[in-house]
Amino acid sequence: MTTTENESRNVHQIEIAPNSALLVIDVQRGFDDSAFWGPRNNPAAEENIAALMDAWQESGRPVVIVRHASRTAGSVLAPDRPGHALKDFVEERAPRAALDITKSVNSAFYGTPDLAGWLTAQGVGQLVLAGIQTNMCVETTARMAGNLGYEVLVPLDATHTFDLAAGTGPDAPRLTADQLATATAVNLQGGGFARIVTTASVVAATRAPAPRG
């Protein structure tokens, strides 16, 4: 089977509902501070997030923008810090968003306004999650969404994260950003919370003809 045939097959295996909601999670300027966060992975994440936002808005599907307002002292994501602002490419697309949520914990379901209430009111049953960090707020929101009964898709290449250690000592367990992203993929799909997909396959699926009843 050729690469093109594989891509075509993958597109047909993904169906994006007409009212599928795209959650753009914590794509904020503070995450550009490498001195604060350390090494990151997936430099293509922002380009892929932008492609998803464009596909959703072009097709009339709802985009939900989630922003983290940290309560941790010294955080670059605190509401009074410049890093709380959305990255420019998200800010440019934000006026067309269907909903804006502010949260101070990992899950977008514990934010204001109430995400679950809005999804129920809109009759939304399918969520696509993109944003930062892969293994933190994206994974937590995906796990909770799966538990609540939503169909969840996570284009892993539209997320990124940072190297992480469990402590400061030389013997503290630590994983690279790529290792953490792989763990998230295994946790979500292997655990039955979400399906791991690619940005290209999801964007293509938004343009596919609706299946006949």
Side-chain angles (χ1 to χ4, degrees), residues 22-53 63-94 97 100-112 115 128-145 152 154-189 193-194 196-199:
L22 172 67
L23 273 59
V24 179
I25 299 172
D26 302 351
V27 186
Q28 295 165 250
R29 295 180 186 174
F31 284 117
D32 291 332
D33 188 345
S34 59
F36 187 89
W37 298 102
R40 64 168 279 183
N41 72 332
N42 190 22
E46 285 83 356
E47 179 181 353
N48 289 329
I49 295 167
L52 288 167
M53 293 185 74
V63 173
V64 176
I65 294 178
V66 182
R67 190 180 335 204
H68 193 80
S70 179
R71 296 173 180 170
T72 303
S75 172
V76 294
L77 300 178
D80 60 348
R81 298 288 296 274
H84 182 255
L86 298 170
K87 294 195 180 191
D88 288 347
F89 76 94
V90 176
E91 189 67 53
E92 290 166 4
R93 294 164 171 81
D100 293 280
I101 291 175
T102 300
K103 63 177 181 61
S104 57
V105 294
N106 297 98
S107 175
F109 286 94
Y110 288 113
T112 304
L115 175 59
V128 176
L129 275 56
I132 312 169
Q133 302 179 60
T134 311
N135 57 309
M136 296 290 187
C137 296
V138 174
E139 181 173 346
T140 302
T141 301
R143 283 172 174 262
M144 191 165 180
V152 184
V154 178
L156 201 69
D157 59 353
T159 74
H160 83 76
T161 191
F162 304 89
D163 293 2
L164 185 65
T168 57
D171 297 327
R174 60 190 67 236
L175 292 173
T176 67
D178 280 336
Q179 289 171 327
L180 289 165
T182 298
T184 290
V186 173
N187 289 340
L188 292 181
Q189 185 155 307
F193 298 100
I196 301 300
V197 293
T198 65
T199 296

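Worth knowing before you read on, the calculation uses all heavy atoms, side chains too, and leaves out hydrogens, waters and symmetry mates.
- Between Val105 and Tyr110, the shortest heavy-atom distance links the atoms CG2-CB, 3.6 Å.
- A 6.0 Å sphere centred on CZ of Arg71 holds no more than 12 heavy atoms belonging to other residues, nucleotides or ligands.
- Here the shortest heavy-atom pairing between Pro155 and Leu52 reads CG-CD1, 3.9 Å.
- Nearest heavy-atom pair across Ala130 and Ala158 is CB-O, 3.5 Å.
- With hydrogens and angles ignored, the 3.5 Å screen pairs no side-chain donor or acceptor of Asn135 with any backbone N or O of Ala181.
- A distance of 9.0 Å separates OG1 in Thr141 from CD1 in Ile101, rounded to the nearest 0.5 Å.
- Taking each heavy atom of Thr102 and Ala69 in turn, the nearest pair found is CG2-CB, 3.8 Å.
- Here the side chains of Met53 and Val90 are in contact, with some heavy-atom distance below 4.5 Å.
- Judged by distance alone, with hydrogens and angles left aside, the side-chain atoms of Gln179 form a donor-acceptor pair with the main-chain N or O of Thr176 at under 3.5 Å.
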Margin query: Thr140 vs Met136, test: side-chain contact (heavy atoms from CB on, under 4.5 Å). Steps then yes/no.
Written below: CA-CA 6 Å; Thr140 302; Met136 296 290 187; 5.6 Å; no
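- Of the listed residues (Asn48, Asn41, Asp178), just one forms a side-chain contact (heavy atoms from CB on, under 4.5 Å) with His160, and that residue is Asn41.
- Phe89 CZ: more than 12 foreign heavy atoms inside a 6.0 Å radius.
- For the side chain to side chain donor-acceptor pair (under 3.5 Å) criterion with Asp26, the lone passing option out of Lys87, Lys103, Gln133 is Lys103.
- Between the side chain of Asn42 and the backbone N or O of Asp157 there is at least one donor-acceptor pair closer than 3.5 Å.
- The side-chain contact (heavy atoms from CB on, under 4.5 Å) test with Val64 singles out one residue from Leu129, Val24, Leu23, Ile25, and that residue is Leu23.
- Between Phe162 and Gly38, the shortest heavy-atom distance links the atoms CD2-O, 3.4 Å.
- Residue Ser107 holds its OG atom at 12.0 Å from CZ of Arg143, rounded to the nearest 0.5 Å.
- Exactly one of Val154, Asn106, Thr184 qualifies for a side-chain contact (heavy atoms from CB on, under 4.5 Å) with Glu139. That residue is Thr184.
- Under 3.5 Å, the side chains of Thr159 and Thr134 contain a donor-acceptor pair of N or O atoms.
- Counting only distance, with no hydrogens or angles, the side chain of Glu91 and the backbone of Ala85 share no donor-acceptor pair below 3.5 Å.
- Taking CG from Leu175 and CG from Leu180, the interatomic distance works out to 5.0 Å, rounded to the nearest 0.5 Å.
- With rounding to the nearest 0.5 angstrom, the CG atom of Leu77 is 12.0 Å from the OG atom of Ser104.
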Next item on the list: Under the side-chain contact (heavy atoms from CB on, under 4.5 Å) rule, what do Arg67 and Leu86 come out as? Steps first, then yes or no, please.
Entry: CA-CA 8 Å; Arg67 190 180 335 204; Leu86 298 170; 3.8 Å; yes
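- A donor-acceptor pair under 3.5 Å is absent between the side-chain atoms of Arg40 and the main chain of Thr161, judged by distance alone.
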Next item on the list: Check step by step if side-chain contact (heavy atoms from CB on, under 4.5 Å) holds for Ile132 and His68.
Entry: CA-CA 10 Å; Ile132 312 169; His68 193 80; over 6 Å; no
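- Between Leu115 and Ala108, the shortest heavy-atom contact is CB-O, 3.8 Å.
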